[in-house]
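Everything numeric here is computed off the predicted structure, so don't read it as measured data. What you see below is based on every heavy atom in this structure, not just the backbone, and it leaves out hydrogens, waters and symmetry mates.
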Amino acid sequence: MAKGDPGATTRSRRAAPRSKRAAAKGADPELVQLLTPEGERIESVIGPDGVEYRVDFSDEEYRGLYRDLVLVRKLDAEATALQRQGELGLWASLLGQEAAQVGSGRALRPQDMAFPTYREHGVLYCRGIDPIMPLGLFRGVDQGGWDPNEFKFNMYTIVIGAQTLHATGYAMGVAMDGRTGGDDGEAVIAYFGDGATSQGDVNEAFVWASVFNAPLVFFCQNNQYAISEPLERQTRVPLYRRAGGFGFPGIRVDGNDVLASYAVTRHALDNARSGQGPSLIEAYTYRMGAHTTSDDPTRYRIASEVEAWQAKDPIARMKAFLEKQKIVDADFFAEVDEQARREAVHLRERVLAMPDPEPVTMFDHVYPNGSPELDEQRAQFTKYQASFEGGAH
Ligand SMILES: Cc1ncc(C[n+]2csc(CCOP(=O)(O)OP(=O)(O)O)c2C)c(N)n1
Ligand SMILES: [Mg+2]
């Protein structure tokens with residue numbers, strides 16, 4: 001699938017998927033999966049919601065998804081390295097969550113609006129935003145530099161769960177403006193984590209979205225941890241089942257399976273855009289790295305757990321599938337790796353070249369037209385800066 005083409009159709013030339021099995025042997029019946037960890041393709045699966053989930057991509061689209069996965073992982077690794085070298089203040093890695101993000105990100109149609117947390121670098125990439133953008137934020141040289149309306153991708157939100165309320169209000173507005181209905185309708189997606197489900201904001205968002213039938217998909221990446229707190233400290237029931245209590249459908253998808261993540265998200269978005277209201281997707285995945293670069297996960301989880309999830313790696317299974325089905329030629333993987341390497345070098349060069357802003361400019365974009373209070377704070381700050389030896393710096 002072409003970069004920046006999130007609306008590409010799932011219907012395509014290659015009609016018959018290779019595997020005819022309805023579901024993998026021993027597969028979790030609660031988990032929608034279309035690609036096993038071994039790279040076996042499942043033609044279609046009936047979810048516990050009775051919906052038949054399937055994708056029907058062309059070879060080119062399959063290769064495109066693989067390229068997306070590799071690129072976002074490489075750029076993320078580069079950002080982690082930059083933080084380690086002191087070039088970023090902090091980085092929240094998406095390692096392990098590439099399929100949940102690329103699958104859902106590519107399922108968005110151009111008109112759909114996304115509300116991310118601080119970890120959605122893969123979705124940001126799928127929205128066609130320059131991957132340099134979040135690095136300015138984490139380097140502390142800007143406050144997030146993209147235009148949410150231009151890219152239909154809101155600002156990163158660090159306040160846990162807050163964006164689910166923003167998304168609900170926005171989605172209610174979409175419905176009130178009559179922008180739902182048909183393929184051209186607008187749907188909204190709100191990303192959040194397993195830990196966020198314990199927040200009041202998220203539960204309030206569920207209530208409002210439900211009773212106002214908002215065109216909204218709640219996309220929870222259950223990566224098993226909220227910093228050091230494991231999932232069992234958030235819930236006694238699978239997270240997707242919470243939706244039932246609020247009056248809308250919930251579904252759990254294999255978040256390490258890019259095809260299933262795409263299929264489930266596309267279905268939920270299309271339901272939302274056609275006026276059928278909200279739903280909850282629990283993308284069951286794993287945070288392979290630290291919570292952020294300020295965290296040391298070896299303090300609270302054991303290596304064997306990480307190893308078990310390594311066997312479910314989202315990129316490895318897509319690679320195995322492409323190889324098995326011979327839909328790549330010999331140099332494809334090397335070519336993708338080389339592109340990723342080049343883009344990472346380019347990213348690094350541009351980060352190192354970012355100018356440091358004058359500290360006083362932090363007051364510039366707080367309000368569109370400023371305020372007397374802000375003017376006072378700016379004056380105080382300028383005076384404070386000038387008190388240092390050598391003047392303003
Ligand atoms: C309202 C609020 N409370 C606490 C925090 C501190 N905090 C930052 S990340 C985090 C854990 C979030 O876990 P989860 O929702 O599972 O998302 P993940 O980081 O795993 O993607 C917490 C508690 C915060 N940013 N905002
Ligand atoms: Mg989490």
Parallel, tilted or perpendicular, as decided by the 30° and 60° cut-offs, for the rings of [Y] and [X]:
X	Y	value
Phe138	Trp91	perpendicular
Tyr156	Trp146	perpendicular
Phe206	Phe246	perpendicular

Would you compute the distance between atom [atom1] of [X] and atom [atom2] of [Y] and round it to the nearest 0.5 angstrom?
X	Y	atom1	atom2	value
Lys312	Asn256	NZ	CG	8.0 Å
Met133	Leu124	CE	CG	9.0 Å
Asp130	Leu347	CG	CG	8.0 Å
His121	Leu75	NE2	CG	10.5 Å

Test your reading of the model: is there a side-chain donor-acceptor pair from [X] to the backbone of [Y], 3.5 Å cut-off?
X	Y	value
Arg84	Thr293	yes
Ser387	Tyr384	yes
Thr235	Val237	yes
Arg54	Val45	no
Asp257	Gln33	no
Thr361	Asp364	no
Asn213	Ala209	no
Arg287	Ile227	yes
Gln111	Gly185	yes

Before accepting this row, confirm whether a basic side-chain N of the pair [X]/[Y] lies closer than 4.0 Å to the acidic partner's carboxylate O.
X	Y	answer
Arg378	Asp375	yes
Arg273	Asp112	yes
Arg242	Glu282	no
Asp270	Arg109	yes
Arg127	Glu150	no
Glu40	Lys324	yes

Listing request: all ring-ring contact (aromatic ring centres under 6.0 Å, His included) pairs with a residue in residues 160-197, at least two apart in sequence or in separate chains.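 Matches after skipping sequence neighbours: Phe115-Tyr170, Tyr191-Phe219.
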Please list all pairs passing the ring-ring contact (aromatic ring centres under 6.0 Å, His included) test where one or both residues lie in residues 337-368, with sequence neighbours left out.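 Sorted result for residues 337-368: Phe363-Phe381.
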Transitive ILVMFWY side-chain link [X] to [Y], under 4.5 Å:
X	Y	value
Leu90	Val351	yes
Tyr262	Val188	no
Ile281	Val55	yes
Leu108	Ile251	yes
Ile129	Val141	yes

Candidate list Arg63, Arg106, Arg73, test side-chain hydrogen bond (donor to acceptor under 3.5 Å, both in side chains), partner Asp68, passing option: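 Option passing the side-chain hydrogen bond (donor to acceptor under 3.5 Å, both in side chains) with Asp68: Arg106.
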Side chains of [X] and [Y]: donor-acceptor distance under 3.5 Å anywhere?
X	Y	result
Tyr125	Asp76	no
Asn223	Thr285	no
Glu60	Ser58	no
Thr164	Asp201	no
Gln339	Arg67	yes
Tyr62	Gln325	no
Thr197	Gln234	no
Glu38	Thr36	yes

So, for [X] and [Y], which heavy atoms are closest and what is the spacing to 0.1 Å?
X	Y	answer
Val123	Gly105	CG1-CA, 4.2 Å
Cys126	Gln101	SG-O, 4.5 Å
Ala171	Pro215	O-CD, 3.1 Å

Side chain to side chain contact (heavy atoms under 4.5 Å, CB included) between Glu186 and Met113, worked out: CA-CA 7 Å; Glu186 181 173 347; Met113 181 61 115; 3.7 Å; yes
Pairwise side-chain contact, Asn154 with Gln163, heavy-atom cut-off 4.5 Å (strictly under):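 They are not in contact (no side-chain heavy atoms under 4.5 Å apart), so the answer is no.
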Using the six-membered ring of Phe333, assess whether NZ or CZ of Lys319 lies under 6.0 Å from its centre and within 45 degrees of the ring axis.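 Relative to the ring axis of Phe333, which defines the angle, Lys319 lies inside both limits.
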Side chain to side chain contact (heavy atoms under 4.5 Å, CB included) evaluation trace for Arg139 with Glu87: CA-CA 7 Å; Arg139 192 173 163 89; Glu87 299 295 346; 2.8 Å; yes
Evaluate Gln276 against Ser274 for side-chain hydrogen bond (donor to acceptor under 3.5 Å, both in side chains), listing each step before the verdict. CA-CA 6 Å; Gln276 294 176 60; Ser274 65; 3.1 Å; yes
Show your reasoning for whether side chain to side chain contact (heavy atoms under 4.5 Å, CB included) applies to Leu259 and Arg41. CA-CA 9 Å; Leu259 306 181; Arg41 181 77 170 77; 3.7 Å; yes
Start with the C-alpha distance between Tyr53 and His267, add both sets of side-chain angles, then the distance that settles side chain to side chain contact (heavy atoms under 4.5 Å, CB included), and finish with yes or no. CA-CA 8 Å; Tyr53 291 101; His267 177 79; 3.7 Å; yes
